[in-house]
Number of protein chains: 2
Amino acid sequence: MQKNRSEKYHKILTSAGDVFARFGFYKATISQIASQAGVADGTLYLYFKNKDDILYQFISYKTAVVFEKMNTAVATGKTAEEKLRNLIHCHLQEFQNDKNMAVIFQSEVRYLRDIQSQIKDISKMYLDLLSDIIEQGQIEGSMRQDLFVGLVKRFILGAVEGVISTWVSAEGRYDLVAMADPLVDLYLNGVRGGINSI
Amino acid sequence: MQKNRSEKYHKILTSAGDVFARFGFYKATISQIASQAGVADGTLYLYFKNKDDILYQFISYKTAVVFEKMNTAVATGKTAEEKLRNLIHCHLQEFQNDKNMAVIFQSEVRYLRDIQSQIKDISKMYLDLLSDIIEQGQIEGSMRQDLFVGLVKRFILGAVEGVISTWVSAEGRYDLVAMADPLVDLYLNGVRGGINSI
DNA sequence: TTAGATAATGAATTATTATTCATTCCAGCG
DNA sequence: CGCTGGAATGAATAATAATTCATTATCTAA
């Protein structure tokens, strides 16, 4: 098995992304991936241990890239609200730019759960970023003190994922990033938005 | 293939639920399901067309049951807020009561998407319920007029699913239903909860 | 009690694919 | 030009599991 991350290695990973997104991990075959990448079946085994390893590498790689970008996005903001907005914006942007990744992260939930111990998984790090943001917001006084942080962060992540999921189902026919501001508005103000309830 | 919904039919479906939840659809084997149900492998084929059909029937059945209950829950409420609260409460209650269902609905996203045309799927009907509630809230004046309903309903469903997902990952070690009120509070008031901005 | 029908069994069959590895290709070098 | 070692090939192999069906068990009604 080759060690270096050659051009061919990336070609195969990209093709695997296409095929996994299209057919799902289990229905995808090695032959499909190989022919999509323009190499022979056996060649995949020069670069990857087995079929599982291809998915594993795909996820690790994408996770690392997105992780990096999200961290930067958050660091760019000053207030908690800015940080939250930047994070959501970045999230939607990255997933819109890479629909295969979006589909695979949605579809292979089971696999993601199974490897969650070996990998710094994306949900975990996302939830940690959110914890920090919320705590900062509470200190600043821009967010309520009576929040149960464990719930709030899950609430926020779940909602973005839901929005992405709908976008994926719609075959990506509209601008996902345009949802960022309305979404953040909902996080901050809710559907009541300060209307008096007696 | 038997037509009537005998006791054995349900025994097999329940066992399949256990096995699918535990191993995922693709890694689960017919033999596992059969032995769990205390019947021979061949017997499954007297009740189901094939392996896919078992998952299909499982999902159809659970969807129908939950659909019914959610409708009732919503109908019981009077105001939009009551309806929303009842819906979320019912949702969390049903999934807490049937962890296998919760796991399968989370894990087999891909399969769910693929059969979404043949089946009155649970997300679709859920989103429709939410649309009605939000519109009612706007008419009542208890919800903002400037909401993009398409986004709001996705936001709400995504957040509940996220909360359930965390609960599943935690092996169901805490009371899921207790999350209902804090969650609804977040939907209505957001994390700012009326704290002045600016 | 038993003939006929119905249900259940599980070993054998079949189909599918991941994986291996003997062979071929090819780039760089003396 | 040959030679050599690493890279690539793809047909053959192996393993897994879904599905079938000849056989056996169980039930029902006369």
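Numbered from 1 within each chain, the chains take letters A, B, ... in sequence-line order.
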For C/dA8, does either OP1 or OP2 sit under 4.0 Å from a side-chain N or O belonging to B/Y47?
yes
Whole angstroms only, please: what is the CD-P distance between B/Q32 and D/dT16?
13 Å
Could you please name the option among C/dA18, D/dT9, D/dA18 that lies closest to any side-chain atom of B/Y45?
D/dA18
If only side-chain N and O atoms of B/T29 are considered, is one of them under 4.0 Å from the OP1 or OP2 phosphate oxygen of D/dA17?
no
So is A/K51 actually on top of A/F25's ring, under 6.0 Å and inside 45° of the axis?
yes
From C-beta outward on A/K8, which listed nucleotide comes closest to its side chain: D/dA8, D/dT19, D/dT9?
D/dA8
Of the options A/Y56, A/Y9, A/F58, which is the one that meets A/F48 in a ring-ring contact (aromatic ring centres under 6.0 Å, His included)?
A/Y9
Separation of C/dT17 C1' from A/I33 CD1 (nearest whole Å):
12 Å
Apply side chain to side chain contact (heavy atoms under 4.5 Å, CB included) to residues A/H91 and A/I164 and explain how you reach the verdict.
CA-CA 9 Å; A/H91 189 164; A/I164 293 173; 3.3 Å; yes
Atom pair distance, as rounded to whole Å: CG in B/L44 and P in C/dA7
16 Å
Where the side chain of B/I30 is defined as all heavy atoms beyond and including C-beta, which of C/dA8, D/dT19, C/dT19 is the nearest nucleotide?
D/dT19
Once you round it to whole Å, what is the distance between P of C/dT16 and NZ of A/K51?
15 Å
Would you mind reading off the distance between B/Y9 atom OH and C/dA7 atom C1', rounded to a whole angstrom?
18 Å
To the nearest angstrom, the CD-P distance between A/E7 and D/dA8 comes to 11 Å
In A/V65, A/V66, A/T72, the residue satisfying side-chain contact (heavy atoms from CB on, under 4.5 Å) with A/K69 is A/V65
NA contact type, B/A28, heavy-atom cut-off 4.0 Å: base, sugar-phosphate, or nothing?
sugar-phosphate
Candidate nucleotides D/dT9, C/dT9, C/dA18, ranked by approach to the side chain of B/A40 - the nearest:
C/dT9
Out of D/dT20, C/dT9, D/dT9, which nucleotide sits closest to the side chain of A/V39?
D/dT9
To the nearest Å, how far apart are B/D41 CG and C/dT13 C1'?
14 Å
In whole angstroms, the gap separating C1' of C/dT19 from CG of A/D53 amounts to 14 Å
Check whether any side-chain N or O of B/S142 sits under 3.5 Å from a backbone N or O of B/Q138 as a donor-acceptor pair, and report yes or no.
no
